[in-house]
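Note that the structure is predicted; figures quoted are calculated from it, not measured. Heavy atoms only: backbone and side chains are in, while hydrogens, waters and symmetry mates are out. Naming convention: chains lettered A, B, ... in sequence-line order (proteins, then strands); numbering from 1 in each chain.
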Protein chains: 2
Amino acid sequence: MASKSNIKTSNKKEKRLESIKKAHSKKNTFTTTMEDYLEVISELVELKGYASPTDISNYMNVRPPSVTKMLRRLDADGYLKYTKYQGLKLTAKGTSIANDIRQKHSDLLDFFEIIGVDSSAANKDVEGIEHHMNPKTMKQLRKFTTFLKSNPNLLLSFDRANL
Amino acid sequence: MASKSNIKTSNKKEKRLESIKKAHSKKNTFTTTMEDYLEVISELVELKGYASPTDISNYMNVRPPSVTKMLRRLDADGYLKYTKYQGLKLTAKGTSIANDIRQKHSDLLDFFEIIGVDSSAANKDVEGIEHHMNPKTMKQLRKFTTFLKSNPNLLLSFDRANL
DNA sequence: TCTCAATGTGTTTAGCTGAGAACTTTTCTA
DNA sequence: TAGAAAAGTTCTCAGCTAAACACATTGAGA
């Protein structure tokens, strides 16, 4: 009886530990939505020097309360420094991620243009896939695109075949 | 006063209509997870002639109750015919989607192999992006891959440059 | 200084995905 | 063929993401 009871206790403890673990690991989750926010913020800063919640709300097509919530989260996770009513500033960590994703975006667009996808469709696809490409894969793609560009005759013959 | 009251009523009616609309449109949502299930099911059927909940559970890395739930959903939305304890059968609609996604998967793998992404990384990326590629983009990519394959010397010079 | 637009907060809603426990059905085997 | 084992199902619940509404607060310009 005593041992059975101990087993039960042990199971409970395990469950408790597991939920604590989950609760903590949650902190580290970085979602594609967060990535999108960082991308938009970085572009706004480049465009007009700052990024107001209202601007972000417009570009992300979400309501201002959602923006505030996300800004607090991005701040808590160290991607930017956000002081209410005072504006925000990307940290090194946030800047790095924003640059990464913007680089991916433009590299992918580049490639899609080369293979003849019209820019409207290309943009749509890129937004979907840019969050799922490993750095290694992007590196290869970049190499390949560079190679293609350095051999314009190849592209010309593809374009001819592609009529 | 009467008019104000009318406006309120009108707003309420609008909201009611909107929620009805949402309730109905919900039916049409098709998620990437559903697409994954269809893909796995289709592959299992090809492999061993049928797809049991346990098999699906293994391949999807989820517990059986989750599988049952998804099967009921896929049935309700017309992607397959599912009779409990009796097995399932993809409908034309479900087959078409499964084929589409499997085609995308292999075309993307094909391309990644050509540009020199190792198959482990390639597989991982493909799983992420296959759900986000438009048919038009895939068509162009397919054309491009075919073009490359029909000009092996191009690939050779890329491989040389890529050492 | 007062007002109004912008911004922030707390709370609620909605959806997706998944899991555990307990039960039912089917299958296997002794 | 009975009865145990395996497979499948149902019910209930939880975690997470995302967004909206209602309301409170702030601050900049008339």
Side-chain angles (χ1 to χ4, degrees), chain A residues 8 11-12 14-38 40-41 44 48 50-77 80 82-88 131, chain B residues 8 11-12 14-16 18-41 44 48 50-77 79-80 82-88 127 131:
Chain A
K8 270 192 181 171
N11 283 341
K12 272 191 186 172
E14 270 176 39
K15 285 205 177 179
R16 172 132 188 80
L17 279 176
E18 205 176 323
S19 76
I20 290 173
K21 183 178 146 197
K22 270 188 188 169
H24 281 266
S25 71
K26 189 185 67 176
K27 277 188 196 167
N28 302 326
T29 12
F30 182 67
T31 66
T32 61
T33 307
M34 291 164 80
E35 212 168 47
D36 281 330
Y37 271 92
L38 291 178
V40 162
I41 288 169
L44 281 170
K48 45 194 295 186
Y50 62 94
S52 71
T54 305
D55 287 336
I56 300 171
S57 151
N58 286 331
Y59 276 82
M60 295 288 301
N61 269 310
V62 298
R63 299 293 116 221
S66 306
V67 174
T68 301
K69 197 181 270 186
M70 182 55 85
L71 290 180
R72 289 204 285 172
R73 182 175 172 189
L74 290 171
D75 181 301
D77 290 1
L80 48 81
Y82 164 62
T83 316
K84 62 182 183 179
Y85 299 115
Q86 302 304 310
L88 61 88
H131 303 292
Chain B
K8 270 190 181 171
N11 282 341
K12 272 189 185 171
E14 270 176 39
K15 286 205 176 178
R16 174 132 186 79
E18 204 174 324
S19 75
I20 290 173
K21 182 178 146 196
K22 269 189 190 169
H24 281 266
S25 72
K26 189 185 65 176
K27 279 187 197 167
N28 302 327
T29 16
F30 182 68
T31 67
T32 61
T33 306
M34 290 162 81
E35 213 168 46
D36 281 331
Y37 272 91
L38 291 179
E39 188 180 5
V40 164
I41 288 168
L44 281 170
K48 46 194 292 186
Y50 62 93
S52 72
T54 303
D55 287 336
I56 300 171
S57 152
N58 287 331
Y59 276 83
M60 295 289 301
N61 267 309
V62 297
R63 300 290 119 223
S66 307
V67 174
T68 301
K69 194 192 260 187
M70 182 56 84
L71 289 179
R72 288 204 287 170
R73 183 176 172 190
L74 290 170
D75 180 301
D77 291 1
Y79 298 105
L80 48 81
Y82 162 64
T83 315
K84 64 181 183 180
Y85 299 113
Q86 302 304 312
L88 61 89
E127 307 228 320
H131 304 292

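- Distance check: B:Arg72 CZ to B:Asp77 CG gives 13.0 Å after rounding to the nearest 0.5 Å.
- From B:Tyr59, atom OH reaches atom CG of B:Asp36 across 15.0 Å, with rounding to the nearest 0.5 Å.
- A distance of 5.0 Å separates CZ in B:Phe30 from OH in B:Tyr79, rounded to the nearest 0.5 Å.
- You'll find the side chain of B:Val62 stays beyond 4.5 Å of the side chain of B:Thr33, heavy atoms only.
- When the P atom of D:dT17 is taken as reference, atom CG of A:Leu74 falls 12 Å away, rounded to whole Å.
- Within the model, atoms NE2 of B:His131 and OG1 of B:Thr31 stand 9.0 Å from one another, a figure rounded to the nearest 0.5 Å.
- Put simply, B:Arg72 has no side-chain N or O that comes within less than 4.0 Å of OP1 or OP2 on D:dT9.
- For the pair B:Thr29 and C:dC16, the criterion of a side-chain N or O lying under 4.0 Å from OP1 or OP2 is met.
- Within residues 55-70 of chain A, the residues having any heavy atom closer than 4.0 Å to DNA chain C are, in order of number, A:Pro65, A:Thr68, A:Lys69.
- Across the interface with DNA chain C, nearest-nucleotide mapping of B:Lys84 and B:Thr32 shows B:Thr32 to be the residue nearer the 5′ end.
- Spacing between atom CZ of A:Arg73 and atom P of D:dA19 amounts to 11 Å, rounded to whole angstrom units.
- Residues A:Leu80 and A:Tyr37 are not in side-chain contact: their nearest non-hydrogen atoms beyond the backbone lie 4.5 Å or more apart.
- Residue B:Thr33 places at least one side-chain N or O under 4.0 Å from the OP1 or OP2 atom of C:dT17.
- The separation between A:Gln86 atom CD and D:dT25 atom P is 18 Å, rounded to whole Å.
- Of the inter-residue distances, the one linking A:Met70 atom CE with A:Ile41 atom CD1 reads 9.0 Å to the nearest 0.5 angstrom.
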So which protein N/O to nucleotides 28-30 of chain D N/O distances come out below 3.5 Å?
none

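- For the atom pair A:Lys84 NZ and A:Tyr82 OH, the distance stands at 8.0 Å (nearest 0.5 Å).
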